[in-house]
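The basis for the numbers below is simple: all heavy atoms, side chains too, and nothing from hydrogens, waters or symmetry mates.
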Amino acid sequence: QVQLVESGGGLVQPGGSLRLSCQASGFIFSHFAMGWFRQAPGLQREFVAAVTSGGRTNYVDSVKGRFTISRDNAKNTVYLQMNSLKPEDTAVYYCNADPVAISTWANAYDRWGQGTQVTVSS
């Protein structure tokens, strides 16, 4: 079955960096678009970034220029490099997969991993 395991979160000071990883299994990874979402306390889960099976990327405006999504098909892993982190980036980060394209509407997906907590604070 599909399994998505996120890792790499932690506590970082404003302006710092983190790299998140999502290890996928149970499907042909290279054929799927992959995406990252996040959910801050008291808020809805929101789209952050996506990469198509062909490597095309898109981002929510609030992270453009700071975050980079990438994928390694040999390792069945998608990454999110986060630079210049801000307190408002604090959230639990989740990845997901889609055989066509990642929807920017998080409610389109009913399967989620455990997520990884990112806290940006001094």
Side-chain angles (χ1 to χ4, degrees):
Q1 69 277 20
V2 173
Q3 191 170 12
L4 302 165
V5 180
E6 302 92 344
S7 63
L11 173 64
V12 63
Q13 292 186 342
S17 298
L18 282 174
R19 189 176 82 153
L20 307 184
S21 300
C22 170
Q23 177 72 51
S25 60
F27 59 98
I28 304 175
F29 181 82
S30 62
H31 291 187
F32 277 61
M34 298 296 297
W36 285 96
F37 296 78
R38 65 186 179 187
Q39 187 167 21
L43 298 179
Q44 300 269 17
R45 194 169 298 177
E46 66 169 355
F47 167 79
V48 175
V51 57
T52 67
S53 58
R56 186 174 300 174
T57 59
N58 68 299
Y59 301 89
V60 68
D61 285 347
S62 60
V63 308
K64 285 181 180 177
R66 300 189 298 122
F67 290 11
T68 302
I69 188 171
S70 61
R71 63 189 300 155
D72 185 336
N73 290 339
K75 295 182 179 180
N76 284 8
T77 301
V78 61
Y79 303 98
L80 186 67
Q81 177 67 44
M82 306 187 296
N83 299 327
S84 302
L85 282 161
K86 304 176 180 180
E88 51 263 44
D89 295 317
T90 294
V92 179
Y93 283 71
Y94 303 86
C95 67
N96 221 315
D98 196 297
V100 180
I102 290 292
S103 172
T104 58
W105 187 49
N107 286 346
Y109 303 101
D110 56 12
R111 176 193 64 240
W112 297 93
Q114 85 288 349
T116 186
Q117 175 71 50
V118 172
T119 303
V120 185
S121 174
S122 54

Q: Give the ring-plane orientation class for Trp112 versus Tyr94, where under 30° counts as parallel, over 60° as perpendicular and anything between as tilted.
A: perpendicular
Q) Between CD of Gln3 and CG of Asn76, what distance do you get to the nearest 0.5 Å? A) 12.0 Å
Q. Which residue, Thr116, Asp89, Leu85, Val120, forms the side-chain contact (heavy atoms from CB on, under 4.5 Å) with Leu18?
A. Leu85
Q | Check: Glu46 side chain, Ala106 main-chain N or O, donor-acceptor pair, under 3.5 Å | A | no
Q | Result of checking Val92, Thr104, Val60, Asn96 against Phe37 for side-chain contact (heavy atoms from CB on, under 4.5 Å) | A | Asn96
Q) Is a side-chain N or O of Gln117 found less than 3.5 angstrom from the main chain of Gly9, in a donor-acceptor match? A) no
Q) If you measure from NZ on Lys86 to OG on Ser62, what distance do you get to the nearest 0.5 Å? A) 8.0 Å
(Q) Take a 6.0 Å sphere around CD1 of Ile28 and say whether it holds more than 12 heavy atoms from other residues, nucleotides or ligands. (A) no
Q. CD of Gln44: more than 12 outside heavy atoms within 6.0 angstrom?
A. no
Q) Can a cation-pi geometry be assigned to Arg71 and Phe29, taking NZ or CZ under 6.0 Å from the six-membered ring centre and within 45° of the ring axis? A) yes
Q) Do His31 and Pro99 have side chains that get closer than 4.5 Å, going by heavy atoms? A) no
(Q) Whether the Gln13 and Ser122 side chains hold a donor-acceptor pair (N or O, under 3.5 Å, no angle test) is what I'd like checked. (A) no
**Q.** Pairwise side-chain contact, Leu80 with Glu6, heavy-atom cut-off 4.5 Å (strictly under)
**A.** no
**Q.** Polar side-chain atom of Tyr109 near backbone of Ser103 as donor-acceptor pair, under 3.5 Å
**A.** yes
Q. Can you find a heavy atom in the side chain of Ser121 that is under 4.5 Å from one in the side chain of Leu11?
A. yes
Q | Arg19 NZ/CZ over Tyr79 ring centroid, <6.0 Å and within 45° of normal | A | yes
Q.
Are Phe67 and Tyr59, when compared by the centres of their aromatic rings, separated by less than 6.0 Å?
A. no
